[in-house]
Amino acid sequence: MPELPEVETIRWELGKKILNKRIFRVEIFPDSRGIRFLGSYSPADFQQKLTGRTIKDVRRRGKYLLFSFDSESILAIHLGMTGKLLYRPADTPADKFVRMKFVLSNGYEIRFADPRKFGKMFIISPTDDKLMESLGPEPLSPSFTVDYLQKVLSRHRKKIKEVLLDQKIIAGIGNIYSDEILFRAKIHPERSACSLLQEEIFLLFSAMQEILRAAIVARGTTAGDRQYLNTTGKPGKFQYRLQVYQRRGQECLRCGRVIVSKKFGGRSGYFCPQCQV
DNA sequence: ATTGGGACCTGCTCGC
DNA sequence: TGCGAGCAGGTCCCAA
């Protein structure tokens, strides 16, 4: 699924292309049922709110993309697992699984394609923004420090893997990067968060910074069945640098022991049973 | 309060 | 070759 680095890549690409472009038309397709229009907006309200608006800013918060306009409304998009935002010239052949599209004034359109329909799209107001407020801090922001991480981990007894995945604690990390971060920090995913020693917390913090930054530079990870693609339909490059995710049965690149996987609350986690302690 | 598990979705892989 | 079962997982929701 698109996690922080993938969403950041999309934000960066779109930001260069659609600023000050006007939304000429909003098309919502019949099979867009799965797009959850949260809040009190119906699809028709949604179209009305956005049609004719000029895009003024594209930001990211956690795994959400936030579009600002020449109005009070903010469009928030969560890509779920399989969501893509494809930026195409309007005369380009149709893409599969497009649930919604924004036709822009410059002859291009943004196509929201989402085979598994886990994506969400909704309108929020800058002043009443409960969802964004409920998100934890951005792990790459200057205010996210080792001290902060230590404080937050000491408050939770649950597994460190679960803590990394909890968007209310830290925003933007999903299954792929939580595995990679824990592997790099040599921490077992089932360790209780509050049991981590100061040294380990420092390693965890460093691993988080390094991996997320490297993944952004690599323009994200296209792995597994998620088939993340950027706005031009191209894959990322970080999958070539994965150390542990989806390497079950293969040798650990650090110690040679066989990588194992285990279910953590419905999702699979990969780790080395020898060097992650 | 915290924690855990199921539901939502559907394309894809695997085994018989 | 065909078909059904199972898997993938972010977030919401409910129960213990």
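Every chain is numbered from 1, with letters handed out A, B, ... down the list of sequences. Every heavy atom of this structure was used, including side-chain atoms; hydrogens, water molecules and symmetry mates were not.
Atom CZ of A:Phe118 and atom P of B:dA7 are 12 Å apart (whole Å). The CG-P distance, from A:Leu4 to C:dT11, rounds to 12 Å in whole Å. Atom CD1 of A:Ile77 is separated from atom C1' of C:dG10 by 16 Å (rounded to the nearest Å). As a whole-Å value, the separation of A:Met132 CE from C:dT11 P is 10 Å. Rounded to a whole Å, the CG atom of A:Leu79 is 18 Å from the P atom of B:dC9. Between the P atom of C:dG10 and the CD1 atom of A:Ile170 lies a distance of 15 Å, rounded to the nearest Å.
Candidate nucleotides B:dC9, C:dA8, B:dG4 were compared by shortest atom distance to the side chain of A:Lys117, and B:dC9 ranks first.
Contact annotation: A:Thr82 side-chain N/O to B:dG11 OP1/OP2 distance is not under 4.0 Å. Look at A:His78 and you'll find a side-chain N or O under 4.0 angstrom from OP1 or OP2 of C:dT11.
Checking side-chain atoms of A:Glu3 against main-chain N and O of A:Ile176 turns up a donor-acceptor pair under 3.5 Å. Checking side-chain atoms of A:Asp114 against main-chain N and O of A:Gly119 turns up a donor-acceptor pair under 3.5 Å.
A side-chain hydrogen bond (donor to acceptor under 3.5 Å, both in side chains) with A:Glu190 holds for exactly one of A:Lys262, A:Lys158, A:Lys161; it is A:Lys262.
Residue A:Lys263 is the one, among A:Arg267 and A:Lys263, whose nearest nucleotide of DNA chain C lies closer to the 5' end (criterion: closest heavy atom).
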